[in-house]
Amino acid sequence: MLTINLIREKRELIIERLKVKNFDAEKVLDKILSLDSTRREIQTRSDSLQAEMNRLSKDIGLLLKTGRKKEADEAKEKTYTLKEEIRSLSEELTPLDIELRELIVSLPNLPHESVNKGFGAEDNFIVKEGGKIVDIDGEALPHWELIKKYDIIDFDLGIKLTGAGFPVYKGKGAKMERALINFFLDEGVKAGYNEVIPPIVVNEDSGFGTGQLPDKEGQMYNITLDNFYLIPTAEVPVTNIYRDIILNADDLPIKNIAYTPCFRREAGSWGAHVRGLNRLHQFDKVEIVRIAHPDHSYESLDEMVSHVENLVSALDLPYRILRLCGGDMSFTSSLTYDFEVWSGAQKKWLEVSSVSNFESFQANRLKCRFREKAGKQTQLVHTLNGSALALPRILAALLENNQTKEGIKIPVSLIPYTGFEIID
RNA sequence: GGAGAGAUGGCAGAGUGGUCGAAUGCGGCGGUCUCGAAAACCGUUGUCCGCCAUCCGGCGGACCGGGGGUUCGAAUCCCCCUCUCUCCGCCA
């Protein structure tokens, strides 16, 4: 959510910036500005009437105390009309506030100045490529064949238990999953992140705080009986830890890491191109979340990107880093880097991480502020997060890239975690 | 799930209709003292919104879990919701 101050002061800049996200903000902004000015006008009137009311009430109290009942009754008469006026002003104000808020909430975050305009994946900028793509011979199997061959992940069993997209990991598959989780967590802790285990079910306020609600309602599983949501990412609970909080400048940056399962309905995005582990309803992910000082949030972002880069390198996966174009970026993000790894048998790039700076967009929804010095004004923090990493596609790439006649070789860095060197 | 008690500022904890945005203690910040620190003492210390001011700031409004109501006036009375605690039940 953009701040009303920014909207008041930087109308032109917002219009310009949102064009990069292919969002035409002009009409909405003008509507907001006009509602805002009526709102303030009404509030000013209402506040001064309320002040008058408070004065009268105080007087009545004093008059009654000193036994001047008649004068008190006269004063009471005056309050009746005042009260009526105040009520009618507040009746004007309420729907206005609601409309204003809805409009402000509908504006996407401003993209960072380094973000280029574009419409989709084809317009993303390749920042860097790393690792070596090794050509596997013609008999290379895609991971959905490999998992059957070695009996490590069972989709049919998941269908029986729940439905499509809820796989069952078995034997070395399960061990591999757990190894990756532990590896990612340990690397994060080594890099100074504080490990947390949050709830994987959240309330509506949390969903709103990080921007999943109201616009992505249909993407989350909703527990209607209690009005809870299954988290689509640990970003939601871990960032919401800081909802309604005022931090001190020296608390920053806050660096948290969490492993959670993630749940996504993925409504309307099912099909042949998302076979196997490429897209699931439930998957495991280790997420890094940062709360940063506005002056240093881009340094934080860079650190997060290199942390993720170290992870994919350590797994010997060929990767590339993309800076997303305006059209491919999320509603809430200012700048996003995506990590993709090469999947040797499918012969395509798979997205395994998305690292973003949301600047103050989430912080404004969360009401997460900090104070530079005691007594000084509060200001909004910057929030950031990134996958470090999402597991299924990493697993898919590892299985495909490392397949040999003897079996699937485990990357060296992971062997201490798996306890075996090969899946056969 | 049943019965009862409760929710007040960073924390603890008073306050049951009228100068209460809220006593007091702790904590935090500033100062005095000190070579420095501790102790002691003095002062200060919430958030949001609006109006005015170039800055320091000034004035007004709202906020005592959330929402509604009664009243000239609500932290205080009434209703609904949420949460916490105690006991019972159930249970990893």
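Protein chains get the first letters and strands the later ones, always in sequence-line order, with residue 1 at the start of each.
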Using a 4.0 Å heavy-atom cut-off across all strands, classify [X] as base, sugar-phosphate, or nothing.
| X | value |
| --- | --- |
| A/Asn54 | sugar-phosphate |
| A/Ser48 | nothing |
| A/Gln50 | sugar-phosphate |
| A/Ser57 | base |
| A/Ser46 | nothing |
| A/Arg87 | nothing |
| A/Ile246 | sugar-phosphate |
| A/Arg369 | sugar-phosphate |
| A/Ile60 | base |
| A/Arg39 | sugar-phosphate |
| A/Ala51 | sugar-phosphate |

Exercise. Between A/Ile7 (CD1) and B/rC49 (P), how many Å, whole number?
Worked result: 13 Å
Problem set entry | Rounded distance (Å) that lies between atom C1' of B/rC52 and atom CD of A/Glu41 | 17 Å
Problem set entry | Donor-acceptor pair, side chain of A/Arg369 and main chain of A/Lys367, under 3.5 angstrom |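 Between the backbone of A/Lys367 and the side chain of A/Arg369 there is a qualifying donor-acceptor contact (under 3.5 Å).
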Problem set entry | Short side-chain to backbone donor-acceptor contact, A/His112 and A/Ser334, under 3.5 Å |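 No; zero donor-acceptor contacts below 3.5 Å.
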Problem set entry | Salt-bridge criterion met for A/Glu84 and A/Arg87 (N-O under 4.0 Å) | yes
Problem set entry | Short N-O contact, A/Glu26 and A/Arg11, less than 4.0 angstrom |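 Judged by the 4.0 Å cut-off on N to carboxylate O distance, A/Glu26 and A/Arg11 do form a salt bridge.
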Who does [N] pair with, Watson-Crick or G-U, both distances under 3.5 Å?
| N | result |
| --- | --- |
| B/rU86 | B/rA3 |
| B/rG65 | B/rC81 |
| B/rU34 | none |
| B/rC51 | B/rG58 |
| B/rG10 | B/rC26 |
| B/rU70 | none |

Exercise. When rounded to the nearest 0.5 angstrom, what is the spacing between CZ in A/Phe420 and CG in A/Leu414?
Worked result: 8.5 Å
For this session: Measure the spacing between CG of A/Asn401 and OG of A/Ser343 and express it to the nearest 0.5 Å.
Result: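 Here the interatomic distance stands at 6.0 Å.
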Exercise. Quick one: is B/rG73 close enough that its OP1 or OP2 comes under 4.0 Å of any side-chain N or O from A/Lys83?
Worked result: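 Yes, A/Lys83 has a side-chain N/O under 4.0 Å of OP1/OP2 on B/rG73.
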Exercise. Among B/rC72, B/rG46, B/rC49, which is the nearest nucleotide to the side chain of A/Arg371?
Worked result: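 Out of B/rC72, B/rG46, B/rC49, the nucleotide with an atom closest to A/Arg371's side chain is B/rG46.
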